[in-house]
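The structure appears below as structure tokens.
All chains are named by letter (A, B, ...) in the order of the sequence lines, taking the proteins before the strands, and each is independently numbered beginning at 1. Note that the structure is a prediction, hence the values are computed from the model and not measured. We use all heavy atoms of the structure for the numbers below, so side chains are in, but hydrogens, waters and symmetry mates are not.
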Protein chains: 2
Amino acid sequence: MRLWLRLLTCANLIEAGIRRRLRAQFGITLPRFDLMAQLDRMAEGISLGELSRRMMVTNGNVTTIVDALVAQGLVARTPAPADRRTVLVRLTPEGRRHFRAMAMAYEGWIVDIFADLNPFEIDRLMALLGKAKESAAQALDDP
Amino acid sequence: MRLWLRLLTCANLIEAGIRRRLRAQFGITLPRFDLMAQLDRMAEGISLGELSRRMMVTNGNVTTIVDALVAQGLVARTPAPADRRTVLVRLTPEGRRHFRAMAMAYEGWIVDIFADLNPFEIDRLMALLGKAKESAAQALDDP
DNA sequence: TCGATTTGTTTTAGATTTGAAATATCCATG
DNA sequence: CATGGATATTTCAAATCTAAAACAAATCGA
């Protein structure tokens with residue numbers, strides 16, 4: 001029980017800090033940044049459904065965030081060639097430029113945030129969180 | 001970097017599962033449950049500001065959630081005797097009864113979720129998360 | 001005591017976020 | 001070819017959530 005509270009506290013603390021910096025330094029919100037991060041690796045564009053799966057949020061949520069980013073000219077919607085139901089989303093050249101600049105700063109923040117952990121501790125934490133994730137996924141699957 | 005993504009994924013996975021169960025089995029939302037959990041330990045009531053600090057959310061957010069719980073008759077606002085600015089919040093008898101039933105189930109879910117981790121691993125994870133939290137708090141403090 | 005600052009709460013505007021319902025399209029089967 | 005089920009996206013209503021502004025009350029120093 002205390003483990004869960006600490007996990008949540010830790011994640012929320014870092015998330016709040018990153019959110020604050022993204023807003024202060026780049027005027028962007030965290031979910032928009034996260035969505036752009038997914039798109040940065042997919043030059044050809046990916047579907048909204050695939051986006052929502054990767055980001056682990058609902059379809060409707062992705063639609064809203066993409067709407068906002070399209071309005072800002074940072075991403076573009078294009079119909080999928082094969083399937084008329086699906087819509088592909090990709091970064092615009094301007095969106096890519098913006099994202100690259102932000103991503104550089106972002107990585108620096110993360111390094112700073114975990115600066116007090118040595119490589120061994122990071123590996124161990126990765127492994128334990130991986131195991132916790134598996135355990136949780138299994139427990140939450142059935143009901 | 002990957003450590004941060006895994007931490008976030010793990011926390012979100014569990015949070016989503018708990019949110020789903022709270023809604024399905026008790027018809028309550030997670031933030032309302034979290035707020036009631038804070039109140040359960042404070043029979044005398046605590047101020048809204050203290051609540052927002054403990055829950056690590058903004059004051060305005062706490063106001064909204066308390067409004068909803070007051071409308072449901074689960075918590076009550078009372079003026080603080082010493083300071084006319086502050087408002088104390090406490091569980092109503094009905095709120096306490098409700099919460100106790102939910103908390104029992106909640107604890108069971110958490111136990112299940114971490115069932116695959118042995119006591120040693122849980123201790124280690126607690127310690128590493130504690131260290132990560134300290135590191136993050138320090139890194140996010142300055143700028 | 002007076003005024004400036006601090007503290008506690010609410011309000012407001014904007015942005016998520018979820019869950020469910022509605023639409024549109026695809027696909028497999030008969 | 002028609003149709004029922006599955007898939008992809010959008011829309012909608014309700015609830016959070018943040019940041020910033022607005023107020024109210026308390027506190028502290030001159």
Side-chain angles (χ1 to χ4, degrees), chain A residues 8 11-36 45-72 74-75 77-89, chain B residues 8 11-13 15-36 45-72 74-75 77-89 140:
Chain A
L8 191 60
N12 285 347
L13 177 68
I14 298 173
E15 187 174 328
I18 290 179
R19 186 188 306 271
R20 194 161 45 243
R21 291 190 180 186
L22 277 177
R23 169 179 297 269
Q25 296 187 23
F26 298 106
I28 201 175
T29 62
L30 182 56
R32 294 183 193 184
F33 176 85
D34 285 343
L35 196 150
M36 292 177 78
I46 62 177
S47 71
L48 289 172
E50 183 60 24
L51 254 183
S52 95
R53 268 189 298 280
R54 293 193 189 199
M55 297 178 68
M56 299 198 297
V57 299
T58 60
N59 285 345
N61 193 355
V62 169
T63 295
T64 308
I65 299 173
V66 168
D67 284 347
L69 287 172
V70 167
Q72 292 182 64
L74 299 176
V75 313
R77 277 194 177 91
T78 55
D83 188 332
R84 271 187 303 168
R85 292 172 302 178
T86 79
V87 178
L88 297 183
V89 187
Chain B
L8 191 59
N12 285 347
L13 177 69
E15 187 173 328
I18 289 179
R19 188 187 303 271
R20 196 162 42 244
R21 292 191 181 187
L22 276 177
R23 170 179 297 269
Q25 297 187 24
F26 298 106
I28 200 175
T29 61
L30 182 56
R32 293 184 194 183
F33 176 85
D34 285 342
L35 196 151
M36 291 176 78
I46 62 177
S47 72
L48 289 173
E50 183 60 24
L51 254 183
S52 94
R53 267 188 297 280
R54 293 193 189 198
M55 299 178 67
M56 296 199 299
V57 298
T58 59
N59 286 345
N61 193 355
V62 169
T63 295
T64 308
I65 300 173
V66 168
D67 283 347
L69 287 171
V70 167
Q72 291 183 64
L74 299 176
V75 314
R77 277 195 177 91
T78 55
D83 188 331
R84 273 187 302 168
R85 292 171 303 176
T86 80
V87 179
L88 296 183
V89 186
L140 293 169

Given [N], is OP1 or OP2 found less than 4.0 Å from the side-chain N or O atoms of [X]?
X       : N      : value
A:Asn61 : C:dT16 : no
B:Arg19 : D:dT16 : no
A:Thr29 : C:dT16 : yes
B:Asn59 : C:dG8  : no
A:Arg85 : C:dT23 : no
A:Arg20 : D:dA20 : no

Looking at [X] and [Y], what are the two nearest heavy atoms and their distance?
X       : Y        : value
A:Leu35 : A:Ile65  : CD1-CG2, 3.6 Å
A:Ile14 : B:Leu140 : CA-CD1, 4.0 Å
B:Val66 : B:Leu51  : CG2-CD1, 4.4 Å
A:Pro31 : A:Met55  : O-CE, 4.0 Å
A:Ser47 : A:Leu88  : N-CD2, 3.7 Å

Nearest-Å distance for atom pair [atom1]/[atom2], residues [X] and [N]:
X       : N      : atom1 : atom2 : result
B:Ile46 : C:dG8  : CD1   : P     : 13 Å
B:Asp67 : C:dT9  : CG    : P     : 13 Å
A:Leu22 : D:dA19 : CG    : C1'   : 15 Å
A:Met55 : C:dT17 : CE    : C1'   : 11 Å
B:Phe33 : D:dT16 : CZ    : P     : 14 Å
A:Ile18 : C:dT16 : CD1   : C1'   : 17 Å
B:Arg23 : C:dT18 : CZ    : C1'   : 7 Å
A:Arg77 : D:dA8  : CZ    : P     : 16 Å

So what does [X] touch, heavy atoms closer than 4.0 Å: a base, only the sugar-phosphate, or nothing?
X       : value
A:Thr63 : base
A:Asp83 : sugar-phosphate
A:Gly60 : base

### Query
Of A:Thr58 and A:Arg84, whose closest DNA chain C nucleotide lies nearer the 5' terminus?
A:Thr58
### Query
What nucleotide, of D:dC17, C:dT9, D:dT10, holds the atom closest to the side chain of A:Val87?
D:dT10
### Task
When you get a sec, tell me which of C:dT16, C:dG8, D:dT16 is the closest nucleotide to the side chain of B:Arg32?
D:dT16
## Note on the structure
The residue, A:Ala16 or A:Val62, whose nearest nucleotide of DNA chain D is more 5′ is A:Val62
### Query
Taking 4.0 angstrom as the limit, do B:Arg77 and B:Asp67 come out as a salt bridge?
yes
